[in-house]
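The structure appears right after this line, and notes come after that.
Chain letters run A, B, ... following the sequence lines, proteins first, then strands; residues in each count from 1.
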Amino acid sequence: MELASKYSPAQVEGKWYQYWMDNRLFSSKPDGREPYTVVIPPPNVTGVLHMGHVLNETIQDILVRRARMEGKNACWVPGTDHASIATEAKVIKRLAEKGIKKSDLTREEFLRHAWDWTDEHGGIILKQLRQLGCSCDWDRTAFTMDEERSKSVIKVFCDLYDKGLIYRGLRMVNWDPERQTALSDEEVIYHDEHSHLFYLRYYVDEPAGSTDGEEPDAQVLSATEPFDPTVKHQIIHRDAQGRRYAVVATTRPETIMGDIAVCINPKDPKNTWLRGKRVIVPLVNRVVPIIEDRYVEIEFGTGCLKVTPAHDVNDYALGQKYNLEAIDIFNPDATLSEAAGLYVGMDRFDCRKQIVKDLDAAALMEKVEDYDNKVGYSERTNVPIEPRLSLQWFIRMQHFADIALPPVMNDDIRFYPTKYKNTYRMWLENIKDWCISRQLWWGHRIPAYFLPNQENVPDAERQYVVAETIDKAVEKARLIKGYETVTADQLTQDEGALDTWFSSWLWPISLFDGINNPGNDEIRYYYPTSDLVTGPDIIFFWVARMIMAGYEYLGDMPFRNVYFTGIVRDKLGRKMSKSLGNSPDPLDLIDKYGADGVRMGMMLSAPAGNDILFDESLCEQGRNFNNKIWNCFRLVKGWTVDEKAAPSEAAATAMRWFDAKLKQTAALVDDHFSKYRISDALMAVYNLFWDEFSAWYLEMIKPAYGCAIDRQTYDTTLRYFDYLLRLLHPFMPFITEELWQNIEERKAGESIMFQPVSVIGSETDDNLIRDFETVKEVISNIRAIRLQKGVAQKEELVLEIVGGNAVVAPYQAVITKMANLSDINTVSEKSQGAASFMVGTTEYAVPLGNLMDVEAELKKLNDELTYAEGSLRIVMNKLNNANFVARAPEAVVAAERKKQADAESRIASLKAAIAALQG
RNA sequence: GGGCGAAUAGCGCAGUUGGUUCAGAGCGUCUGCCUUACAAGCAGAAGGUCGGGGGUUCGAAUCCCUCUUCGCCCACCA
């Protein structure tokens, strides 16, 4: 076959992917082999491929392909996630562009639009994965909202409800006012923010001039005086009219309409005078009590806390404790509600600005300080979260934490890198209930059905039944007293949908239908899955919860190993983002460097757990490597074979050596894979191919120009090539398939994908490898002399070995060929005018006649002498230390003695050489 | 505020049980080469008192303490 000098991925990759598909080579069915299962972390159904996916999916594909070549039944299950809140947002945005508001649509109409959008954009990302070379079993492609998965979700909800692990309740939740839904704690991202601390006056409800409760040492401050929060006596604020007031510090003055009390710490000496009093909420003029609770920090602000139970988590707790009313002053979109009484209809942040002005004008603002605090934002819509009292569905998590913590802590499930075990433990030991309901339509609708005729019952007390279907709901409802004859159309299903992660946590089970059809052949064969590859950012969202569901529903782990990837950043260390424009389109990269090149570029810099700084030049390196492989193949396939010739001595030596080297590296690669050191494994194969095979082995066996190669060397070389391709295949599937198919005629449907990766015996000859390193060093030294003296490559040289060397002796043919020598002589003294060098304790020399530069040679020898004397000194320091000789292990001392002998012998040779030159 | 992790060559990193093999490979840089597979290449070379300080030890990149800097996660001081 005629091969171009440059490898062209575009002509190769599509062809082989099609071949793999046509022959159904990714397909997996349970059989007698050991299973190797991976479930893909389902990307958002309407998403497109980004660099993070490239990293993640490449790692998975490498692991899957490797397992397949190890003879396991590899099954990689692909699929997508309905991504409830993100997708609903996209659909709403698209509808808005057409002038349609969500509120104008019925649920059914909206869902039709959502499904249209999903059908249109869904699966684009899966197609892109094919271009990357991912060997997923596409027949198994699943969607978190397809029928099988949806049924699983509903079934699990009902089951957990029946077990008492799901409850409905009025709780303070994280409210996203943009999407108008509750969120789980994990969906809130906290940002540092520069804001203000506002000090507000709450006048005491009493006549001007009152002194009730004041002690003799009280410090009376006028409005303008600063106060010290750490003082140990009363501080009383009094205005010009003699009216006393409390000062309350808050970051959110717009919530004063919801104030229902002011709280002080009973141990706070500053504020004891406020005990039992009532104060007037500024502007609102509501009279509220002073309550006391040790929750209040004495030294924060003034030690007075305004209590707004409806809009702050802690205030809510106080409200519960002291049985205070909660006034919800916000609408679901975070505008001020009727209940606020003031500023009704205004946005919360506009209201803050306005109320600050109004407080100032009314002389109710004591002062304003700069203040840094943390504000929670919605992960999806990026608007500030509003803590909101709302009726939601929750999962009791303590039970799940109890079953999910031990298997990770005792390494039944292994985390790579292990540092994430700590993160995992922290979360589980401080677990809080999981809010699973969302006020969204795109998702699995909560299977709770409310009984009729409850219009006058408060929401929280309405009766309902939970059931997988409406029919079962009716059955259940009829068991309730007074509803014996209820019908389906009288029941009202809960409007909410479930958190997306409530379906994701079942993924490793639901993909094999293990929920609907427990104990089926597939779930029994493929579960637990083998490796999960994902980012540490979803360790709580997903990894932990899958472990919980796994033990709850199958009594076993969902996966044996978790490989946490890093975050892909640009080469300056910045997160990749659309707004920065620093995120390359993976498909452009594939066009430019080939999928194999991009995969390699990604893996060259991706140690587990570390962030990876992605640089396009790494793809270039990947592409260059592909080209190298291609050209090696071109070289070998270009040789003509002489059927009668026997291998040359150099070739015979080369084969023995490479055989050993190949085995050694294969073992190293095995070891790296067993530890999930994938970059290291790739680097080992890269060095093997480029340095050992191309630069050394091929050069050693290469026939002279115009000559043929003997049959045995040729066949052996192709066998090595075949094996090297197998080692490379998991990393770069396309080029390896292309070349493997061209090594010899292959049967239809045959593929490198299934060639065993461990065909060569495990015996390696370490002595041979070590000796050959010495030989390489000799050759390099001769080459360096050539370069220094400007001796052309084609000019033959003579090598002298002073005193001979037993290690190097068997390799004379190789040295002669690689260094282009005419002769190798063992001499007792080197020739006049020879450039010399030392390898180990042996001196070598290359006679150069008049090319010899005596000065330069002397300098080189003297430098070496200085170095050798230095090492001898260090060794002697150790050996002269009685403690060292007495306490260090025998072997270590012996090693030092050998070093001493070597150094002494080397010094002697160097001195002799110098003397000879000077003589 | 609590926790976890990191700091090694110009860059991004490896270094497992303290000792031969420990101070490493890759990229980049420098020098010389279009040598009959590959310039997306070949040959050769230079680069680091392992963040600072202390300690343990015969011996420390490695173990301990401390400081500095950076990163990440968690947490209700309004």
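When Watson-Crick and G-U wobble pairs are counted only if both distances are under 3.5 Å, B/C72 pairs with B/G3. In this structure, B/A43 and B/U31 make a Watson-Crick or G-U wobble pair, each of the two defining distances being under 3.5 angstrom.
A salt bridge is defined here as a Lys NZ or Arg NE, NH1 or NH2 lying under 4.0 Å from an Asp or Glu carboxylate O, and A/R388 with A/E386 fails to meet this definition. Electrostatic pairing of A/R906 and A/D902 does not count as a salt bridge here, judged by no charged N lying under 4.0 Å from a carboxylate O. Remark: A/E369 engages A/K367 in a salt bridge, criterion side-chain N to carboxylate O under 4.0 Å. Comment: A/D766 does not engage A/R770 in a salt bridge, judged by the lack of any side-chain N to carboxylate O separation of less than 4.0 angstrom.
Here A/K421 lies out of heavy-atom contact (under 4.0 Å) with every strand. No contact: A/V248 has no heavy atom under 4.0 Å from any strand. Residue A/K675 is classed as a base contact, given a heavy-atom separation below 4.0 Å to a base. Among the atoms of the strands shown, none is found under 4.0 Å from any heavy atom of A/E429. At a threshold of 4.0 angstrom between heavy atoms, the contacts of A/R252 with the nucleic acid are absent. Among the protein residues, A/A894 comes within range of no part of the nucleic acid, since none of its heavy atoms lies under 4.0 Å from any strand. Among the heavy atoms of the strands lying under 4.0 Å from A/L613 are primed sugar atoms or P, OP1, OP2 only; no base atom is included. When heavy atoms are screened at a 4.0 angstrom cut-off, A/T308 is found touching no nucleic acid atom at all. Across all strands shown, A/R623 has heavy atoms under 4.0 Å from base atoms, whether or not it also approaches the sugar-phosphate. Using a 4.0 Å heavy-atom criterion, one finds that A/P889 contacts the bases of the nucleic acid, with or without backbone contacts as well. Across all strands shown, A/Y371 has heavy atoms under 4.0 Å from sugar-phosphate atoms exclusively, and none from any base. At a threshold of 4.0 angstrom between heavy atoms, the contacts of A/F614 with the nucleic acid are absent. Within the nucleic acid shown, A/K702 comes within 4.0 Å of at least one base atom, counting heavy atoms only.
If you look at A/Y720 and A/F693, their ring centroids are not closer than 6.0 Å. Ring-centre distance between A/F689 and A/F721: below the 6.0 Å cut-off.
Distance noted for atom C1' between B/A43 and B/U57: 46 Å (whole Å).
Distance from the side chain of A/V892 is smallest for B/G19 among the nucleotides B/G26, B/G19, B/A37. Here B/C38 is the nucleotide among B/C38, B/A40, B/C72 with the atom lying nearest to any side-chain atom of A/S5. With B/G41, B/G5, B/A14 as the choices, the nucleotide that has an atom nearest any side-chain atom of A/K419 turns out to be B/G5.
An OP1 or OP2 oxygen of B/C27 is reached within less than 4.0 angstrom by a side-chain nitrogen or oxygen of A/Y686. Phosphate contact (OP1/OP2 of B/C74, side-chain N/O of A/K374, threshold under 4.0 Å): absent. Taking side-chain N and O atoms only, A/K628 has a distance below 4.0 Å to OP1 or OP2 of B/C42. For A/K6 and B/A39, the shortest distance from a side-chain N or O to OP1 or OP2 is below 4.0 Å. For B/G44, one of the phosphate oxygens OP1 or OP2 lies less than 4.0 angstrom from a side-chain nitrogen or oxygen of A/S780. When the side-chain nitrogen and oxygen atoms of A/W690 are compared with OP1 and OP2 of B/C42, one or more of them lie within a distance under 4.0 Å. Contact check, A/R677 against B/G15: a side-chain N or O comes under 4.0 Å of OP1 or OP2.
Along RNA chain B, the nucleotide closest to A/S694 and the one closest to A/I298 are compared, and the more 5′ of them pairs with A/S694. Between A/N687 and A/A784, the residue anchored nearer the 5' end of RNA chain B, judged by the nucleotide with its closest heavy atom, is A/N687.
Side chain A/Q788 to base B/A43: no donor-acceptor pair is found below 3.5 Å. Not a single donor-acceptor pair, N or O on each side, falls under 3.5 Å between the base of B/A43 and the side chain of A/R783.
Taking atom CG of residue A/N631 and atom P of nucleotide B/U36, one finds them 14 Å apart after rounding to whole Å. Between the P atom of B/G41 and the CH2 atom of A/W630 lies a distance of 16 Å, rounded to the nearest Å. The OH-P distance, from A/Y295 to B/A78, rounds to 8 Å in whole Å.
Cation-pi geometry between A/K421 and A/F415 is not met at under 6.0 angstrom from the ring centre and within 45 degrees of the axis.
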